[in-house]
Amino acid sequence: MSRVRVAVLISGRGSNLEALLVACKAPDFPAEIVLVISNREDAQGLQVAKDAGVAIKVIPHKQYSMREEFDAAIDDALRAANVSLVCEAGFMRIHSEWFVKTWEGRLLNIHPSLLPAFPGIRVHQQALDAGVKISGCTVHFIVPELDSGPIIAQAAVPVSPSDTAGTLAARILVEEHRIYPEALKLVAAGKVKLKNGKAVFLPSP
Ligand code: GRF
């Protein structure tokens, strides 16, 4: 079976990267992670990649004065590794429109809320401040507008009155680790595609 070659873009801890790596170990998983790119050399997730024997590349955004130049360096690394799909997992940079258009339909992200609620940063605090009783996480195709692409997978997580941003984040993270591999599996197997700005799901046989 030929597997879709995937790169994961990270900036920090790398727990979603780890969940994806575990999923890729299944013999019938349609994707393999061949490259991990970080914009920070101190990202803990780089060690996760090394431990799994995956190639890593640090591309520090501070070395580039223009967003497009930084994205061009990422694009070069993806092409050099013959990557066809990109999973962003805690990658804390916003891409240029050029990059997003170039990788359209092949660029996924995970966000720790039920989008379109609470895009951006301090997501769990936003959920607590809004008093929602349910939050969750979303895997979506990346589009130029931040945290707003067509949805591939979501999971709901109850918010408890005693939650802090930390306890809510921890509970949501468990679901992130479950749905990101599921979403990657769907996209890599061609069961969901981005078409005319929508996520189109193939009917299951
Ligand atoms: C996750 O909560 C993800 O949804 C958000 O950033 C966090 C990254 O965590 N975008 P990790 O690096 O995957 O552990």
Side-chain angles (χ1 to χ4, degrees), residues 6-25 31 33 35-52 54 56-61 74 85-95 99-100 103 107-130 132 134-160 163-187 199:
V6 174
V8 182
L9 270 54
I10 61 166
S11 297
R13 181 177 54 187
S15 70
N16 277 290
L17 163 65
E18 195 163 9
L20 294 172
L21 283 163
V22 168
C24 287
K25 283 188 185 159
I33 297 169
L35 177 64
V36 171
I37 297 177
S38 172
N39 64 311
R40 299 181 56 115
E41 64 183 353
D42 59 352
Q44 281 177 54
L46 289 170
Q47 192 58 47
V48 173
K50 279 187 201 162
D51 291 346
V54 175
I56 60 169
K57 192 159 177 72
V58 177
I59 305 180
H61 62 276
I74 294 176
L85 255 183
V86 179
C87 290
E88 309 216 342
F91 184 64
M92 297 301 286
R93 305 302 301 169
I94 296 171
H95 290 295
F99 182 87
V100 175
W103 286 87
L107 206 48
L108 315 187
N109 183 43
I110 185 146
H111 184 79
S113 74
L114 290 176
L115 290 174
F118 315 130
I121 57 168
R122 299 183 67 250
V123 181
H124 306 100
Q125 193 57 50
Q126 287 190 56
L128 294 178
D129 291 348
V132 294
I134 295 172
S135 191
C137 49
T138 305
V139 180
H140 63 95
F141 286 111
I142 294 179
V143 296
E145 300 74 36
L146 186 66
D147 297 331
S148 61
I151 292 168
I152 302 164
Q154 284 188 313
V157 172
V159 180
S160 120
D163 265 329
T164 62
T167 58
L168 180 58
R171 208 169 326 108
I172 290 176
L173 196 62
V174 174
E175 293 302 301
E176 294 185 38
H177 296 164
R178 184 176 66 76
I179 68 166
Y180 210 173
E182 282 179 9
L184 172 59
K185 188 173 184 178
L186 284 175
V187 177

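Numbering of ligands and ligand atoms starts at 1, following listing order.
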task = Give the residue and atom name of whichever protein heavy atom lies nearest to atom 1 (C) of ligand 1, and the separation in Å to one decimal.
result = E176 OE1, 3.1 Å
query = Going from CD1 on I179 to NE2 on H177, what distance comes out if it is rounded to the nearest 0.5 angstrom?
reply = 10.5 Å
ask   = Hey, is D163 close enough to R171 for a salt bridge, meaning N to O under 4.0 Å?
value = yes
ask   = To the nearest 0.1 Å, how far is atom 10 (N) of ligand 1 from its closest protein heavy atom, and which atom is that?
value = I110 O, 3.2 Å
key: atom 6 (O) of ligand 1: the protein heavy-atom neighbour that sits closest, reported with distance to 0.1 Å   = G90 CA, 3.6 Å
inquiry  = Given A170, S15, S11, identify the one with the heavy atom nearest to atom 14 (O) of ligand 1.
reply    = S15
request  = May I ask you to decide whether R178 forms a salt bridge with E175, counting only side-chain N to carboxylate O separations under 4.0 Å?
outcome  = yes
key: For atom 9 (O) of ligand 1, the protein heavy atom that lies nearest, with its residue and separation   = R13 NH2, 3.1 Å
query = Side-chain contact, heavy-atom cut-off 4.5 Å: D147 with H140?
reply = yes
ask   = Heavy-atom contact under 4.0 Å between G14 and ligand 1?
value = yes
message = Please identify which of these residues, N39, V36, V86, meets the side-chain contact (heavy atoms from CB on, under 4.5 Å) condition with L9.
response = V86
request  = Around atom 5 (C) of ligand 1, find the nearest protein heavy atom and jot down its residue, atom name and distance.
outcome  = P112 CD, 3.9 Å
query = Counting distance only, does the side-chain N/O of Q126 pair as donor-acceptor with the main-chain N or O of I121 below 3.5 Å?
reply = yes
